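In what follows, a single structure is set out as structure tokens and then discussed.
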Amino acid sequence: SSGGPDGERILRTVVEVAPALLTHDGGLLAVVSEFVNPEEGLCQKTEEWWDLGVHASAPGDAATSIGKGVLFTNEKALDSREYASRRSGGGAAETAMWERHLDAEGVRKVSPGLLYMMAGEGNGQGEHI
């Protein structure tokens with residue numbers, strides 16, 4: 001399946017499915033990826049996706065699974081132009097094609113990173129990713 005034009009679709013699916021698959025005694029989701037626009041609410045998005053997964057796997061359950069996580073990215077994400085140049089192999093035509101695609105998808109920055117998430121027991125109040 002496709003991760004979508006910026007890879008976010010597959011990340012969302014993985015995070016939404018995780019609460020149903022991870023055990024509450026140390027199950028861990030580890031994602032190694034290139035994250036798009038990481039400074040633009042990526043942590044909030046993963047929290048929302050986790051919550052969607054919790055509600056889908058246990059609708060109406062008062063003791064929902066809380067998620068805890070951490071995201072590591074570079075201090076300064078790569079500008080999309082620099083990313084396009086590095087990924088395209090350096091040819092002008094291919095770099096321009098990458099730049100057009102990234103612009104069309106709203107990709108401004110890209111950073112390699114690590115996302116770790118784990119499930120825990122709780123009522124979902126006051127605990128955030």
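Just so it is clear, the model here is predicted, and its values are computed rather than measured. We use all heavy atoms of the structure for the numbers below, so side chains are in, but hydrogens, waters and symmetry mates are not.
- Residues Met118 and Leu114 fall within the same hydrophobic cluster, defined by Ile, Leu, Val, Met, Phe, Trp and Tyr side chains chained together at heavy-atom separations under 4.5 Å.
- Without hydrogens or angle criteria, Asn37 side chain to Gly106 main chain gives a donor-acceptor distance under 3.5 Å.
- The same ILVMFWY cluster, assembled from side-chain heavy atoms under 4.5 Å apart, contains both Val107 and Leu78.
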For this session: For side-chain contact (heavy atoms from CB on, under 4.5 Å), just list the numbers for Leu52 and Arg12, CA-CA rounded to whole Å, side-chain angles, deciding distance to a tenth of an Å, and then say yes or no.
Result: CA-CA 10 Å; Leu52 287 171; Arg12 177 182 178 147; 3.3 Å; yes

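- Rounded to the nearest 0.5 Å, atoms OG1 (Thr73) and CG (Leu42) are 8.5 Å apart.
- In terms of modelled atom types and a separation under 3.5 Å, the side chain of Asp79 and the main chain of Arg81 share a donor-acceptor contact.
- Closest heavy-atom contact between Cys43 and Leu71: SG-CD2, 4.0 Å.
- Cluster membership check: Leu21 does not share its hydrophobic cluster with Trp50, using side-chain heavy-atom separations under 4.5 Å among Ile, Leu, Val, Met, Phe, Trp and Tyr.
- With respect to the salt-bridge test (charged N to carboxylate O, under 4.0 angstrom), the residues Lys109 and Glu40 do not qualify.
- In plain terms, the two heavy atoms of Gly53 and Pro19 that are nearest each other are C-CG, 4.1 Å.
- Linking ILVMFWY residues whenever their side-chain heavy atoms come closer than 4.5 Å, directly or via other members, places Val32 and Val70 in the same cluster.
- Contact between Leu28 and Leu22 at its shortest, heavy atoms only, is N-CD2, 3.7 Å.
- Separation of atoms CD (Glu105) and CD (Glu8) is listed at 11.0 Å; rounding is to 0.5 Å.
- Atom-to-atom distance recorded for Asp103:CG and His101:NE2 is 10.0 Å, nearest 0.5 angstrom.
- Atom OG in Ser33 sits 9.0 Å away from atom CG in Leu115 (nearest 0.5 Å).
- Between Pro112 and Phe35, the shortest heavy-atom contact is C-CD1, 4.5 Å.
- Both Val31 and Trp49 belong to a common hydrophobic cluster when Ile, Leu, Val, Met, Phe, Trp and Tyr are linked at side-chain heavy-atom distances under 4.5 angstrom.
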For residues 86-98, tabulate all N or O donor-acceptor pairs below 3.5 Å that involve a side-chain atom, not counting sequence neighbours.
from, atom 1, to, atom 2, distance (Å)
Arg86, NE, Glu82, OE2, 2.8
Arg87, NH2, Glu34, OE1, 3.2
Arg87, NH2, Glu34, OE2, 2.5
Ser88, OG, Ala84, O, 3.0
Ser88, OG, Ser85, O, 3.3
Ser88, OG, Gly90, N, 3.2
Ser88, OG, Thr95, OG1, 2.5
Thr95, OG1, Gly91, O, 2.9

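- One distance of note links OG of Ser111 with CD of Glu75; it measures 10.5 Å at 0.5 Å rounding.
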